[in-house]
**Q** 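Right, I'll just put the structure down here and ask away after.
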Amino acid sequence: MFSPSPAETKAGVLAVEPYFQGAVPSGRFDALGEVRPVTAQKSVSQYTLIKYGLTDRLSIYSLPTFSYGWGNGQSSTGVKFNDLPIELHYNILTARPAQYRPSVTAYLGFIAPTGDYTGLSQSQDGVGQGAWFLRFGFQSQSVYRVMGHAARLRVWAVGRQAVTTAHLRDTTSYGTSTGFSGTAHPGAFGNEGASFEYGLTKRWVMSLDLYGTWAGSTELVGKYRKAMQAVHTQSSWSGSYNLGPAMEYNWSPDMGFIGGVIVPFTGHNASRAIMPEVAVNMVF
């Protein structure tokens, strides 16, 4: 569910995978990894993975995302369009299952700051970071036979590094309120992990993702205009480790369904939310 996929292996192939994901807050990991109670909005997101094979090795990828939040004594956020990732995926090494040789795909792209982040009516309305990010990483995939059934292993590591600064005013997604004027430089963030898929039958597949997420320190600089109060803060590094069990059903070679749940089981300085997820995979 969470693991990234390799580049398409044929020019002209289009993969479309719409996801629906919920987020039910269940506390927050403190600096020592203890879970503390916290009140936060529930949310639901709809994002669509779109990947097109430009050549037999190179694909272009995008992930447009919409989200909606409600609860916690606040008015609903309404439907929001989030920051937009766009990447190129290049197959450095093509898999050869008969030789158990894995594929290796390199990722390079950016995140455009298309989500609301400044001049908000309430902080919960913030769904963007207001800065351009460089996206980079790699993924490797290999296929084996285990007890007469197909098994697929994926490993990956990806990072995102801010290359511009966000200019802020009043209420923002960085926790500022009315009267603030300043800037924020978001910290780098990313994830790495492994996923295992096992074919129970030709149509039913069991999968498990195990991965970690991390985020670096964000620097906030500015002042509140009326009070002339200077602000200069740096957030703490954060991270969490997550399990994502799921089941997949494929009713044809080009179309299938997957459903599962992502559960954070440990972390520090990070929110904790149970995230059920469903998706439909289509290849044209």
**Q** Test of understanding: with side-chain contact (heavy atoms from CB on, under 4.5 Å), list the residues that count as partners of Val221, not counting sequence neighbours.
**A** Thr183, Glu219, His232

**Q** Is the backbone N or O of Ala131 less than 3.5 Å from a side-chain atom of Thr164, with the two atoms forming a donor-acceptor pair by type?
**A** no

**Q** Report yes or no: do Ile60 and Ile92 belong to one cluster of Ile/Leu/Val/Met/Phe/Trp/Tyr joined by side chain heavy-atom distances under 4.5 Å?
**A** yes

**Q** How far apart are the closest heavy atoms of Pro6 and Asn91, and which atoms are they?
**A**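 Scanning both residues, the minimum pair turns out to be CB-OD1, 4.1 Å.
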
**Q** Say whether, by atom type as modelled, one donor and one acceptor occur between the side chain of Asp83 and the main chain of Gln129 under 3.5 angstrom.
**A**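 Yes, because the side chain of Asp83 sits within donor-acceptor range (under 3.5 Å) of the backbone of Gln129.
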
**Q** Under a 3.5 Å threshold, yes or no: a donor from one side chain and an acceptor from the other, between Thr105 and Tyr107?
**A** no

**Q** In chain order, what residues pass the side-chain hydrogen bond (donor to acceptor under 3.5 Å, both in side chains) check against Tyr19, with sequence neighbours excluded?
**A** Glu17

**Q** Does Gly187 offer a backbone N or O that forms a donor-acceptor pair with the side chain of Thr218 under 3.5 Å?
**A** yes

**Q** Which pairs of donor and acceptor atoms, one on a side chain in residues 269-278, lie under 3.5 Å apart (sequence neighbours left out)?
**A**
| from | atom 1 | to | atom 2 | distance (Å) |
| --- | --- | --- | --- | --- |
| Asn269 | OD1 | Ala31 | N | 3.4 |
| Asn269 | ND2 | Trp237 | O | 3.0 |
| Arg272 | NE | Pro264 | O | 3.1 |
| Arg272 | NH1 | Ser26 | OG | 2.9 |
| Arg272 | NH2 | Pro264 | O | 3.3 |
| Glu277 | OE1 | Gln21 | NE2 | 2.5 |
| Glu277 | OE1 | Tyr47 | OH | 3.3 |
| Glu277 | OE2 | Tyr47 | OH | 3.1 |

**Q** Kindly give the cluster partners of Val283, where membership spreads through any ILVMFWY side chain lying under 4.5 Å from a current member.
**A**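 Cluster partners of Val283: Val13.
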
**Q** Tell me the closest heavy-atom pair linking Thr172 and Thr118, and the distance in Å.
**A**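 Nearest heavy atoms, Thr172 then Thr118: CG2-OG1, 3.7 Å.
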
**Q** Between the side chains of Trp70 and Gln124, does any donor sit under 3.5 Å from an acceptor?
**A**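 Distance-only check fails for Trp70 and Gln124.
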
**Q** Give the cluster check for Trp204 versus Met206: same hydrophobic cluster or not, with ILVMFWY residues linked at side-chain heavy-atom distances below 4.5 Å.
**A** yes

**Q** Just by modelled atom types, is the Asn82 backbone N or O under 3.5 Å from a matching donor or acceptor in the Thr65 side chain?
**A**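 No: the side chain of Thr65 does not pair with the backbone of Asn82.
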
**Q** Evaluate salt bridge (Lys or Arg N to Asp or Glu O under 4.0 Å) for Lys10 paired with Asp56, printing each intermediate quantity in order.
**A** CA-CA 4 Å; Lys10 289 185 179 181; Asp56 291 350; over 6 Å; no

**Q** State, to 0.1 Å, how close Met1 and Gly259 come at their nearest heavy-atom pair, and which atoms those are.
**A** SD-C, 4.4 Å

**Q** Kindly say whether Ser5 contributes a backbone atom to a donor-acceptor pair with the side chain of Lys51 at under 3.5 angstrom?
**A**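 Side chain of Lys51 to backbone of Ser5: a pair is present.
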
**Q** Using atom types as modelled, flag every donor-acceptor pair under 3.5 Å from a side chain in residues 245-254 to any protein atom, sequence neighbours excluded.
**A**
| from | atom 1 | to | atom 2 | distance (Å) |
| --- | --- | --- | --- | --- |
| Glu248 | OE2 | Asn250 | ND2 | 3.4 |
| Ser252 | OG | Asp254 | N | 3.3 |
| Ser252 | OG | Met255 | N | 3.2 |

**Q** Answer with yes or no whether the side chains of Ser195 and Glu197 bring together a donor and an acceptor at under 3.5 Å.
**A**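 Distance-only check fails for Glu197 and Ser195.
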
**Q** Do any N or O atoms from the side chain of Ser45 and from the backbone of Ser43 form a donor-acceptor pair under 3.5 angstrom?
**A** no

**Q** Is it the case that one hydrophobic cluster holds both Phe196 and Met147, taking links as side-chain heavy atoms less than 4.5 Å apart, direct or via other members?
**A**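 In one cluster: yes.
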
**Q** Hydrophobic cluster mates of Tyr241, side-chain heavy atoms under 4.5 angstrom, ILVMFWY only, any path?
**A** Leu208, Leu210, Leu243, Phe265

**Q** Taking Pro4 as the fixed residue, which of Gln139, Glu87, His89, Gln141 is the one that meets the side-chain contact (heavy atoms from CB on, under 4.5 Å) rule?
**A**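 For Pro4, the side-chain contact (heavy atoms from CB on, under 4.5 Å) check succeeds only for Gln139.
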
**Q** Taking all atoms of both residues into account, what is the closest heavy-atom pair of Leu120 and Ser173, and its distance?
**A** CD1-N, 3.7 Å

**Q** Among residues at least two apart in sequence or on other chains, which ones pass side-chain contact (heavy atoms from CB on, under 4.5 Å) with Phe110?
**A** Ile86, Ala112, Trp132

**Q** Who passes ring pair (Phe, Tyr, Trp, His ring centres under 6.0 Å) against Phe257, sequence neighbours left out?
**A** none

**Q** Does any N or O in the side chain of His149 come within less than 3.5 Å of the main-chain N or O of Gly199, such that one atom is a donor and the other an acceptor?
**A** yes

**Q** Starting from the C-alpha separation in whole Å, work towards a yes-or-no answer on side-chain hydrogen bond (donor to acceptor under 3.5 Å, both in side chains) for Asp125 and Thr77.
**A** CA-CA 5 Å; Asp125 290 343; Thr77 64; 5.0 Å; no

**Q** Starting from Phe133, walk the hydrophobic network (Ile, Leu, Val, Met, Phe, Trp, Tyr; side-chain heavy atoms closer than 4.5 Å) and list everyone else you reach, by chain and number.
**A** Ile111, Phe189

**Q** Hydrophobic cluster mates of Tyr174, side-chain heavy atoms under 4.5 angstrom, ILVMFWY only, any path?
**A** Tyr117, Leu168, Phe180, Leu220, Tyr224, Val231

**Q** Ile50 and Phe20: same hydrophobic cluster, using ILVMFWY side-chain contacts below 4.5 Å?
**A** yes

**Q** Locate the shortest heavy-atom distance separating Ile258 from Ser207; write the atom from each residue and the value.
**A** CD1-OG, 4.2 Å

**Q** Tell me every residue that passes side-chain contact (heavy atoms from CB on, under 4.5 Å) with Asn191, counting only those two or more places apart in sequence or in another chain.
**A** Phe2, Trp156, Val158, Thr213

**Q** Give a yes or no on whether the ring-centroid distance for His268 and Phe29 is below 6.0 angstrom.
**A** no

**Q** Please tell me whether Val16 and Val280 are part of a single hydrophobic cluster in this structure, the criterion being side-chain heavy atoms less than 4.5 Å apart.
**A** yes

**Q** Gln41 side chain to Gly71 main-chain N or O, any donor-acceptor pair under 3.5 Å?
**A**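 Such a contact is found between Gln41 side chain and Gly71 backbone.
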
**Q** Which residue pairs pass the salt bridge (Lys or Arg N to Asp or Glu O under 4.0 Å) test when at least one of the two sits in residues 162-175, sequence neighbours left out?
**A** Asp170-Arg225

